[in-house]
Amino acid sequence: MSFWEFVSDRWSRLLSESLLHVSAVVQCTILAAIVGVTVGIAVYRSPFGSAVATALTSAILTIPSFALLGLLIPVLGLGAPPTVAALVLYGLLPIVRNTIVGLAGVDGAVTDAARGIGMNRLGVLTRIELRLAWPAILAGMRVATQMLMGIAAIAAYARGPGLGVEIFAGLTRAGSANATNQAIAGTVGIVVLALILDGIFVLIGRYTTSRGLRGQ
Amino acid sequence: MASEIQLTEVTKRYGRRPPAVDNFSITIPAGQIVVFVGPSGCGKTTTMRMINRLIEPTSGLITIGGEDTSKLDPDQLRRKIGYAIQQAGLFPHMTVAQNVGVVPGLLGWDRGKVADRVEEMLDLVGLDPAEFRDRFPRQLSGGQQQRVGVARALAADPPVLLMDEPFGAVDPITRGNLQDELMRLQAELHKTIVFVTHDFDEAVKLGDRIAVLGDQSRILQYDTPEAVLANPADDTVAGFVGAGASLKQLTLRRVRDVQLSQAAVTVSTSDEPADIRRSLQEAGASFALMLDTRRRPVAWVHVREPRMRRPIRDMVSRESTLQDALEAILTDGGNAVVTGARGEYVGLVDIDTVMASVRELRENA
């Protein structure tokens, strides 16, 4: 059976795994963004806090994903919980770091003017600082999404959802019929989905960033 | 409508270090521009920022229109005080109209009223609303950004305006224009304006009164520009006023304010050299002013070489400042020729007249 025959034969199954894969990654990126931006807001004013938050999230990223999932299984069991926990943890670093950089990079004159004309703290944060840091935060989410697409495949090890199932199944059956096709289908699927999501991020960026912040 | 601002024994201390502002008291009269001028780091900006409580004073009392500012909500207080800073501090993600409309929006005006006000404000600062309303700050020149900054500060019609080196970051020509514009606005609006700068010339030009500040915001002198120029309170102020104090003073006086002298001999371009020499010898003068047939000054002629005409390179009008007149005196040597509206000869300003004016300014101040 050729690769294309394999794909058309398994199309509905691959499609549902793709959807599960994307949905897991997108949901985890959103969760990571909520946590990451909150952490970023909490620490960006203090250089010490920023350093600690960046170091901690970097430390998480250095743990091999396979090992992290293995360590989470005894605590959270199999299936979705360890997958979600791992993906959110990995997604934090780019988002936290970009939030801190984005917020810290807001021109002091702009926030001073905002305070000076009578905006309260919350107004300055939501109407000025977060809007100006938004392109950086979005870039962090974009990096996180790309990274999580790959890491989500490993989640199949913890019986997580997604295209990783195909890859693992193919690899464990190496040598038998269609084993290679299965692994390749999973891998190619992830690459294609990653490219599509990246495109979507470009569009989101275009429609949610003020024209005043974009280049000429 | 303007309000008097009063600072009484205001002190700002950061930790154990010597106070940044020490026991500062001043009264800023309603409807006037008071300029805080001093070297960088003297605490002038800190002092200004305590008025709208961007910095909280450690001790002392600040009142605006008789109201104790420490009793008010700081955000509410700031919405009633215009605030313009260096580089404008415009919000880059908002259009010009949104920037100008921020404070009225915060005050809860309805959309229609805000939009009308934005148009009015842009007009006021000399920007065509149709052209500029929907632009973003990055699409404006430095001078235009400053104008928008001033429009934003004035949008909610605050009785008080704080300006922190608002024209510090633009080129000298634009800066001059913006200063003229501010004076025109002030003649119309009569706000109480506190203006911070380190540029003494700017202070002289804009201030109804100047407060020259030293370290820890100590007031070295608080007086009219004329008085500060004529009688610097001490050596520090004198040093700050600079070597050109008398010259700067001359910008406060105009040619029409002084008594013009007349040339001893005026001759016409059609006169013969021999006749010119004779009239000069009879009058006992060495120079004659040569006028053309329409009585416009052309040249000076010396008694020994009546054929040689020394052209006049620099002339002044009645509206010129005495500084311009002095410039002309130095350029042509001797006298500045004053001309009328149609370029006709009116009289002369000599160096003694200029000197007398300087003395008089000094005595009056």
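Lettering of chains follows the sequences in order, A, B, ..., and the numbering in each one begins at 1.
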- Here the gap from A:T111 atom OG1 to B:F91 atom CZ, rounded to the nearest 0.5 Å, amounts to 9.0 Å
- Item | Closest heavy-atom pair and its distance - A:L213, B:P92 | CD2-CB, 4.0 Å
- Task: Check each atom of A:L132 against the heavy atoms of chain B and say whether the ones under 4.5 Å are side chain, backbone, both or neither.
- Result: side chain
- Portion of B:L162 that has a non-hydrogen atom of chain A nearer than 4.5 angstrom: neither
- Worked check of salt bridge (Lys or Arg N to Asp or Glu O under 4.0 Å) between B:D75 and A:R115: CA-CA 8 Å; B:D75 293 323; A:R115 293 291 285 153; 3.7 Å; yes
- So which of B:R135, B:R78, B:Q86 has the biggest tally of heavy-atom pairs under 4.5 Å with chain A? B:R78
- Query: Does A:R121 CZ have over 12 foreign heavy atoms under 6.0 Å away?
  - Reply: yes
- Engaged part of A:D112 at the chain B interface, taking heavy atoms whose separation is under 4.5 Å: both
- Query: Should we count CZ of B:R184 as having more than 12 external heavy atoms under 6.0 Å?
  - Reply: yes
- Message: Could you check whether any side-chain N or O of B:H93 sits under 3.5 Å from a backbone N or O of A:R127, counting only pairs where one atom can act as donor and the other as acceptor?
- Response: yes
- Query: With chain B, which of A:G123, A:G108, A:S210 has the greatest number of heavy-atom pairs at distances under 4.5 Å?
  - Reply: A:S210
- Task: Pick one of side chain, backbone, both or neither for B:R152, based on which atoms fall under 4.5 Å of a heavy atom in chain A.
- Result: side chain
- Note on the structure: So, the part of B:Y83 with a heavy atom under 4.5 Å from chain A: the answer is both
- Message: So for atom CD, which belongs to B:E67, do other residues, nucleotides or ligands contribute more than 12 heavy atoms lying within a distance under 6.0 Å?
- Response: no
- Note on the structure: Answer key: most heavy-atom pairs under 4.5 Å with chain A among B:V102, B:N52, B:L106, B:D73 is B:L106
- Contact class of B:P137 relative to chain A, heavy atoms under 4.5 angstrom: neither
- Item | Intermediate values then yes/no, side chain to side chain contact (heavy atoms under 4.5 Å, CB included), A:R211 and B:T95 | CA-CA 9 Å; A:R211 276 198 298 126; B:T95 62; 5.7 Å; no
